[in-house]
Participant: 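After the structure tokens below, expect a handful of questions from me.
The analysis underlying the following values was restricted to heavy atoms, covering all of them including side chains, and did not include hydrogens, waters or symmetry mates. Just so we're on the same page: letters track the sequence lines, and every chain starts at 1.
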There are 2 protein chains.
Amino acid sequence: MKRASRDRRRDEILDVAVQVLSERGYRDASMLEIANRAAASKETLYAWFGDKQGLLAALIERNAQLVQAVLAGHLKGEAPPERVLFEFGRALLELLLGDSAVAINRAVIAEAKSDPALARTLAAGGRQAVLPSFIRLLERYAEHEELKFDDAAQAAEDFLGLLLGDTQIRRLHGVLPRPGKAQIEARAVRATRAFLLLYGRERMDELS
Amino acid sequence: MKRASRDRRRDEILDVAVQVLSERGYRDASMLEIANRAAASKETLYAWFGDKQGLLAALIERNAQLVQAVLAGHLKGEAPPERVLFEFGRALLELLLGDSAVAINRAVIAEAKSDPALARTLAAGGRQAVLPSFIRLLERYAEHEELKFDDAAQAAEDFLGLLLGDTQIRRLHGVLPRPGKAQIEARAVRATRAFLLLYGRERMDELS
DNA sequence: CAATAACCGTACCCAGGGGTACGAAAACGT
DNA sequence: ACGTTTTCGTACCCCTGGGTACGGTTATTG
């Protein structure tokens, strides 16, 4: 009981933190406001997370676990590549363009100079945890001759590029609102089609 | 004489500002340090630029002019598309992944919540100024039947996606060092090849 | 060369917020 | 029910850095 309620409390606080972060940005998100809105005390925050950057680090790690959990499900599929790519792309877009990820990425970028470790944590939990699985997925398709390429890592990056374009950066800039489900699906469909044109089985030529 | 020397001085100050920004990040770049390193006084900074965000805005605008000047040259080409795309891509990568653009983008993202106007300024001088020209370039090629697509804007975004992948964001995170000329050229070559596979004249089919 | 304007340096003001200390209150375990 | 531990609320320290005021100094103009 004790452990569970502590964890729940911790989750509540992190929820509030990401909320405040998302409303105010890292610089203007004060520890006091987070404490107040969470009905906690500032001292508790410092006791649990060390300092402001520690709180951010905790946010990053929790988000990374969510990302891994969601995406792992899409990377084991035996379904045809167009289906798996679409589902994976849809889920990835929803995560990366969602409010939480945007707020966290903004904070990490803002602190990139003063605390590079935050960015490493983010990369370790996000890209580094997911990309290898995605690459291996592509390689499995290649073995079954449903896809064709020289360099799986390169193909993976191409898919991500086609999927995201510059939407993530425009989202970070605040110029792009959070896309709706319809727009996300449209992007995922398009990226999947383009990717299959590049690497589908009927295309087995150059691109050295 | 007067106007020229004032402008030169202004440029000097902005050079120092972007330098400090790049070293410290927006939050830790103090007006005092900028003033000292430029052998100027803090009051002069405030007289010329209003406040800290005004200084950042001036930085953004100057950088935007540079970007437009550099890229405009690559968008009038009569050369074959593979050549023009490569040159354009190379130049764009060099700009977007360079230290100045990274520092400025970080600052804009950090301030996205507290001053959305900065992001709009950046978008207006960058993407909005360049993308239409790029789209019209693609359309001209389509008219000469050297490229084939339904939606030029979509094709343009695909090129950007293939070109950048997630390098820009990883650069903003500080996880990726500034790429050398060789790496930049390799990326530009690859993006161009992939783009031509998607939209080259021998491929005139689907991708609705 | 005088007069005027711009600029430099310095000193100052002040709000905000990160981080700490401590007594009161609540929650928990026994 | 009682003692212990955790958490709450508040008050406080303190330093950084944005922004302003002003006298002295250096350019610019006529």
Participant: Please work out if B:Ala39 contacts a base, only the sugar-phosphate, or nothing of the nucleic acid, heavy-atom cut-off 4.0 Å.
Facilitator: sugar-phosphate

Participant: Closer than 4.0 angstrom, basic N to acidic O: yes or no for A:Arg193 and A:Glu82?
Facilitator: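 Looking at A:Glu82 together with A:Arg193, the answer is no, because their closest N to O distance does not fall below 4.0 Å.
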
Participant: Check whether any side-chain nitrogen or oxygen of A:Arg9 sits under 4.0 Å from OP1 or OP2 of D:dC8, and answer yes or no.
Facilitator: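 Yes.
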
Participant: Salt bridge check, B:Arg140 against B:Glu78: does any charged N sit closer than 4.0 Å to a carboxylate O?
Facilitator: no

Participant: Remember a base hit wins even if backbone is also touched, and classify A:Ala40 as base, sugar-phosphate or nothing at under 4.0 Å, heavy atoms.
Facilitator: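 Counting heavy atoms under 4.0 Å across all strands, the contact made by A:Ala40 is with sugar-phosphate only.
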
Participant: Assess, by modelled atom type and distance only, whether the side chains of A:Ser30 and A:Glu33 contain a donor and an acceptor separated by less than 3.5 Å.
Facilitator: no

Participant: Measure the distance from CZ on B:Phe49 to C1' on D:dG18 and round it to the nearest whole Å.
Facilitator: 16 Å

Participant: Confirm from the modelled atom types if A:Lys52 and C:dG17 form a donor-acceptor pair under 3.5 Å, side chain to base only.
Facilitator: no

Participant: Heavy atoms from C-beta onward define the side chain here; which of D:dC8, C:dT20, D:dG19 lies closest to that of A:Tyr46?
Facilitator: C:dT20

Participant: Nearest to the side chain of B:Ser41 - C:dC8, D:dG9, D:dG19?
Facilitator: C:dC8

Participant: Can you measure B:Asn36 atom CG to C:dC8 atom P for me and round it to whole angstrom units?
Facilitator: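 Whole-Å distance recorded here is 11 Å.
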
Participant: In this structure, how many angstroms lie between the P atom of D:dG18 and the CD atom of B:Glu33, rounded?
Facilitator: 11 Å

Participant: Can you list the residues that meet the salt bridge (charged side-chain N to carboxylate O under 4.0 Å, His left out) rule with A:Asp115, with sequence neighbours excluded?
Facilitator: none

Participant: How would you label the contact of B:Ala29 with the nucleic acid (heavy atoms, under 4.0 Å): base, sugar-phosphate, or nothing?
Facilitator: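 B:Ala29: backbone/sugar contact only, no base atoms under 4.0 Å.
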
Participant: Have A:Ser114 and A:Gln53 got a donor and an acceptor in their side chains that come within less than 3.5 Å?
Facilitator: yes

Participant: If you find the nucleotide of DNA chain D closest to B:Ser30 and the one closest to A:Leu32, which residue's nucleotide is nearer the 5' end?
Facilitator: A:Leu32

Participant: In whole Å, what is the span from the CG atom of B:Leu45 to the P atom of D:dT20?
Facilitator: 13 Å

Participant: Any side-chain N or O of A:Arg6 below 4.0 angstrom from OP1/OP2 of C:dC28?
Facilitator: no

Participant: Distance check: side-chain N/O of B:Thr44 vs OP1/OP2 of C:dC7, anything under 4.0 Å?
Facilitator: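 The answer is no; no side-chain N or O of B:Thr44 sits under 4.0 Å from OP1 or OP2.
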
Participant: Quickly work out the B:Asp51 CG to D:dG17 C1' distance and round it to whole Å.
Facilitator: 14 Å

Participant: Phosphate oxygens OP1/OP2 of D:dT7: is one of them under 4.0 Å from a side-chain N or O of A:Trp48?
Facilitator: yes

Participant: For B:Arg27 and C:dG16, what is the distance between atoms CZ and P respectively, to the nearest whole Å?
Facilitator: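 Value for this atom pair: 18 Å.
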
Participant: To the nearest Å, give me how far apart CE (B:Met31) and P (C:dC14) are.
Facilitator: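 In whole Å, C:dC14 P and B:Met31 CE are 21 Å from each other.
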
Participant: Find the distance A:Leu55:CG to C:dG17:P and express it as a whole number of Å.
Facilitator: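 Rounded to the whole Å, the gap is 16 Å.
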
